[in-house]
Amino acid sequence: MCGIIGLFNIQNGKDLRSEALKMARTLRHRGPDWSGSYSDNFAVIMHERLSIVDVDSGAQPLYDKNTGRVLAVNGEIYNHASLAEKLKNTHDWQTHSDCEVLLYLYDEFGTDFLNDIDGIFAFSLYDPNTQEFFIARDHIGIIPLYIGWDKNKTTYVASEMKAIEPYCE
């Protein structure tokens, strides 16, 4: 099972990357196969990967080359192939990951695509152009995702509570 960390709505350009790296270390046991990260002045996303689907090229975070959006996922999208068939636009697929389809579904359908997903998942999707973020997990909550806020209103999400607990009020 993978682990994800997300820090969003970072205020005043504060550099929280070192804090996010500490948080990611607490989740390393969840994903020993790869550690990936993304950061800008408004967000940090970390991913600890356990390779199950697309062992060779499914490293995360995943990027949409056309929109610049960034995605980190913990879980598995069982119906990813049929979801990909629903896409109308051409997309620059970079992996064979079951999770990459989420980037393009969001691009074409907004948040409405969640109702069509069959799987267990938690994810953070971030648009660096607008600083908007979208966080979701499977309907039953099989994949854990914890959320909290600090005194500066930075939003924290993580696969395990212990990763964000020291930073949130």
Side-chain angles (χ1 to χ4, degrees), residues 1-9 23-24 26-38 43-148 155-164:
M1 187 175 300
C2 299
I4 60 173
I5 299 285
L7 287 71
F8 303 98
N9 197 33
M23 291 179 224
T26 68
L27 302 181
R28 186 83 20 97
H29 65 281
R30 296 176 68 93
D33 298 324
W34 167 265
S35 296
S37 67
Y38 167 86
V44 179
I45 298 173
M46 300 280 178
H47 187 267
E48 297 297 327
R49 181 169 192 245
L50 177 63
S51 299
I52 296 173
V53 177
D54 193 14
V55 175
D56 296 327
S57 65
Q60 294 187 38
L62 298 165
Y63 299 90
D64 183 331
K65 286 185 175 182
N66 294 327
T67 66
R69 292 188 186 111
V70 184
L71 174 71
V73 184
N74 174 22
E76 186 174 354
I77 310 303
Y78 303 138
N79 63 335
H80 63 96
S82 63
L83 290 171
E85 290 174 6
K86 290 183 174 189
L87 297 171
K88 295 172 179 58
N89 300 330
T90 301
H91 297 281
D92 189 6
W93 295 87
Q94 299 167 61
T95 73
H96 298 288
S97 166
D98 57 305
C99 298
E100 186 175 4
V101 70
L102 299 176
L103 278 169
Y104 310 130
L105 289 167
Y106 182 79
D107 183 46
E108 292 192 28
F109 304 108
T111 60
D112 290 341
F113 76 90
L114 284 177
N115 295 323
D116 297 328
I117 296 176
D118 179 15
I120 56 174
F121 62 88
F123 69 81
S124 296
L125 192 151
Y126 172 67
D127 188 333
N129 299 307
T130 63
Q131 288 84 48
E132 293 178 328
F133 55 96
F134 178 53
I135 300 164
R137 72 175 195 181
D138 60 81
H139 301 76
I140 299 174
I142 293 172
I143 298 295
L145 189 65
Y146 297 89
I147 188 167
T155 300
Y156 291 73
V157 295
S159 297
E160 293 184 19
M161 175 82 74
K162 68 182 178 183
I164 62 172

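Just so it is clear, the structure is predicted and the values come from calculations on it, not from any experiment. Counting from 1, the numbers follow the sequence of the chain as shown.
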Task: Qualifying residues under side chain to side chain contact (heavy atoms under 4.5 Å, CB included), relative to A43, sequence neighbours excluded - done: F8, D40, Y126
- [ ] Compare every heavy atom of S159 with every heavy atom of N74, then report the nearest pair and how far apart it is.
- [x] ND2-OG, 3.8 Å
TODO: Determine whether D98 and Y78 make a side-chain contact, defined as any pair of heavy atoms from C-beta on separated by less than 4.5 Å.
DONE: no
TODO: Kindly give the heavy-atom pair with the smallest separation between A72 and I45, and that separation in Å.
DONE: CB-CG2, 3.4 Å
Open item on the list: Less than 4.5 Å apart, side chain to side chain, heavy atoms only: is that true for V44 and I5?
Closed with: no
Open item on the list: Could you report the tightest heavy-atom contact between Y63 and L103, atom names first, then the distance?
Closed with: C-CD1, 3.7 Å
Open item on the list: Taking side chain to side chain donor-acceptor pair (under 3.5 Å) as the definition, give me every residue that meets it alongside D64, ordered by chain and number, with sequence neighbours left out.
Closed with: T67
Open item on the list: Which residues pass the side chain to side chain donor-acceptor pair (under 3.5 Å) test with T130, not counting sequence neighbours?
Closed with: E132
- [ ] Report yes if some heavy atom in the side chain of M46 is under 4.5 Å from a heavy atom in the side chain of L27; otherwise report no.
- [x] no
Open item on the list: Taking salt bridge (charged side-chain N to carboxylate O under 4.0 Å, His left out) as the cut-off, I'd like each qualifying pair that reaches into residues 100-109, sequence neighbours left out, listed once.
Closed with: R69-D107
Task: Heavy-atom pair of closest approach, residues A122 and P144 - done: CB-O, 3.9 Å
Task: Heavy-atom pair with the smallest gap, counting every atom of L145 and A136 - done: CD2-O, 4.0 Å
- [ ] Kindly give the heavy-atom pair with the smallest separation between A163 and A158, and that separation in Å.
- [x] CB-CB, 3.9 Å
Task: Under the side chain to side chain contact (heavy atoms under 4.5 Å, CB included) test, residues paired with F109 that sit two or more places apart - done: L87, K88, L105, F113
Open item on the list: I want to check something: taking the side chain as every heavy atom from C-beta on, are H139 and N115 in contact at a cut-off of under 4.5 Å?
Closed with: yes
Task: Residues which pass salt bridge (Lys or Arg N to Asp or Glu O under 4.0 Å) with D112, listed by chain and number, not counting sequence neighbours - done: none
Task: Expected output: side-chain H47 to main-chain V73 donor-acceptor under 3.5 Å - done: yes
Open item on the list: If the condition is ring-ring contact (aromatic ring centres under 6.0 Å, His included), which residues does Y156 pass it with, not counting sequence neighbours?
Closed with: none
Open item on the list: Checking D92 now: which residues fulfil side chain to side chain contact (heavy atoms under 4.5 Å, CB included) with it, not counting sequence neighbours?
Closed with: K65
Task: Interatomic spacing from CG in L62 to CG in L71 - rounded to 0.5 Å - done: 5.5 Å
- [ ] Using a 4.5 Å cut-off on heavy atoms from C-beta on, say whether the side chain of I147 contacts that of T155.
- [x] yes
- [ ] Calculate, to the nearest 0.5 Å, the distance between atoms CD1 and CD1 belonging to I117 and I77 respectively.
- [x] 5.0 Å
Task: Qualifying residues under ring-ring contact (aromatic ring centres under 6.0 Å, His included), relative to F121, sequence neighbours excluded - done: F123
- [ ] With sequence neighbours left out, write down each residue that passes salt bridge (Lys or Arg N to Asp or Glu O under 4.0 Å) with D116, or none if nothing qualifies.
- [x] K86
- [ ] With sequence neighbours excluded, tell me which residues meet side chain to side chain contact (heavy atoms under 4.5 Å, CB included) with S82.
- [x] N79
